[in-house]
Amino acid sequence: MNKVGLIGYPVEHSVSPAMHNAAFAHLGMVDWHYDLLPTPPAELPQRIQALKSDGYVGANVTVPHKQAVISLLDRVGLAARGVNAVNTIVRNDAEQLEGHNTDTPGFILDLEAHSVTVAGKHALVLGAGGSAHAVVLGLANRGASVTIINRTEHNAWQLRENVRKGVSYQFNVFVQPQKSLQKVLDETDIIVNCTPLGMWPNVDASPLPENAQLKPESIVYDLVYRPAKTRLLEQAQQAGAQAIGGIGMLIFQGAAAFELWTGQTAPVEVMRTAALNAMEQPE
Ligand code: NAP
């Protein structure tokens with residue numbers, strides 16, 4: 001049996017098992033299975049050490065372990081280093097555990113699926129955690145000028161330093177204080193929410209104040225995918241802007257992980273249907 005699993009805490013509400021097991025079934029991969037590996041922080045080292053002996057060929061890593069896991073792996077890919085977070089582990093042919101980050105390709109592939117072009121655009125990233133690193137790296141490497149605004153400004157500056165070595169384009173990444181939000185919005189084409197604000201059950205929250213003015217020609221991307229239409233996306237639609245939720249990124253990052261583990265092309269639409277069905281299940 002080829003096992004893969006999700007290491008995080010908590011993990012019960014994840015749609016990843018449904019998404020990956022549907023993909024295995026669709027491709028007739030009967031000896032593959034994805035399961036949940038709930039892991040409190042104190043147990044992370046033992047969990048990583050036991051992956052090989054427990055027969056896992058790979059894993060996904062989620063909150064709160066994406067940074068802490070880095071020092072426990074045998075190798076970490078360049079992109080994951082730039083993002084300073086690992087969301088996918090692959091056990092390679094040399095029996096080493098390799099760390100990867102598929103959030104960057106997941107985000108960029110979903111922008112492309114929505115026909116959003118990035119080069120030459122001004123982007124605003126709200127937040128400075130693991131997902132913000134992945135998003136800033138993706139946008140900057142495709143030629144966007146990126147401004148980061150975060151509750152804790154110091155963390156935004158830290159993000160800027162962390163991603164610098166991973167950006168092969170001209171480095172146009174800036175930090176602004178929260179008080180400059182409206183001024184930045186006036187000059188922004190693409191706004192990306194990388195905070196958990198608006199996520200179920202706090203569905204009335206938004207990273208933008210109610211009186212924020214959005215340009216109708218702007219694009220608002222919310223990494224939050226539960227609920228599908230967040231308060232931020234409602235604000236975007238009310239302003240006439242294009243509103244994109246985070247489910248597509250979730251599916252594409254999962255598809256990228258699937259391909260790393262199996263070497264097979266991921267059945268993206270099968271994974272999308274399974275993820276959407278799993279999300280409709282009662283909590
Ligand atoms: P994270 O590493 O914990 O970072 C969270 C960021 O949000 C931090 O910068 C934090 O600011 C800020 N923040 C948290 N609570 C806030 C509040 N009440 N007010 C203002 N700012 C706040 O989290 P993450 O892993 O980046 O994930 C962020 C969100 O993206 C989550 O909802 C996650 O589910 C979602 N996500 C979606 C996908 C997808 O595939 N669609 C992938 C990854 C993540 P400070 O620096 O001040 O603490």
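Atoms within each ligand, like the ligands themselves, are counted from 1 in listed order.
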For this session: Give yes or no for whether the N/O distance cutoff of 3.5 Å, strictly under, is met between K66 and ligand 1.
Result: no

Exercise. What orientation do F107 and Y221 show, parallel under 30°, tilted 30 to 60°, or perpendicular over 60°?
Worked result: perpendicular

Exercise. Would a search of protein heavy atoms around atom 23 (O) of ligand 1 find one under 4.0 Å away?
Worked result: no

Exercise. Counting only heavy atoms, which portion of C194 has something under 4.0 Å from ligand 1: side chain, backbone, both, or neither?
Worked result: backbone

Exercise. Any protein heavy atom sitting closer than 4.0 Å to atom 33 (C) of ligand 1?
Worked result: no

Seminar exercise, completed: Short version for T195: what comes under 4.0 Å of ligand 1, heavy atoms counted, is both

Problem set entry | Heteroatom distance test (L197, ligand 1): nitrogen or oxygen, under 3.5 angstrom | no

Seminar exercise, completed: Per-atom filter on ligand 1: closer than 4.0 angstrom to a heavy atom of V224 are 32 (O)

Exercise. G127 heavy atoms, cut-off 4.0 Å: which ligand 1 atoms fall inside?
Worked result: 9 (O)

Problem set entry | Numbering as shown, the atoms of ligand 1 that approach M199 to under 4.0 Å (heavy-atom distance) | 32 (O), 34 (O)

For this session: Please state which part of I247 comes within less than 4.0 Å of ligand 1, counting heavy atoms only: side chain, backbone, both or neither.
Result: neither

For this session: May I ask you to check if ligand 1 and V63 share an N or O to N or O distance below 3.5 Å?
Result: no

Exercise. Taking only residues two or more places apart in sequence or in another chain, which ones pass salt bridge (Lys or Arg N to Asp or Glu O under 4.0 Å) with D103?
Worked result: K66

For this session: Taking atom CZ of R164 as the centre, report whether more than 12 heavy atoms of other residues, nucleotides or ligands fall under 6.0 Å from it.
Result: yes

Exercise. Atom 2 (O) of ligand 1: protein heavy atom closer than 4.0 Å?
Worked result: yes

For this session: Identify, by atom number and element, the atoms of ligand 1 in contact range of N155, meaning under 4.0 Å from any of its heavy atoms.
Result: 45 (P), 46 (O)

Exercise. Which ligand 1 atoms are under 4.0 Å away from a heavy-atom of G246?
Worked result: 39 (C), 41 (N)

Exercise. Hey, which atoms in ligand 1 end up nearer than 4.0 Å to a heavy atom of Y225?
Worked result: 41 (N)

Exercise. Short list, please: which atoms of ligand 1 are under 4.0 Å from a heavy atom of T152?
Worked result: 45 (P), 46 (O), 47 (O)

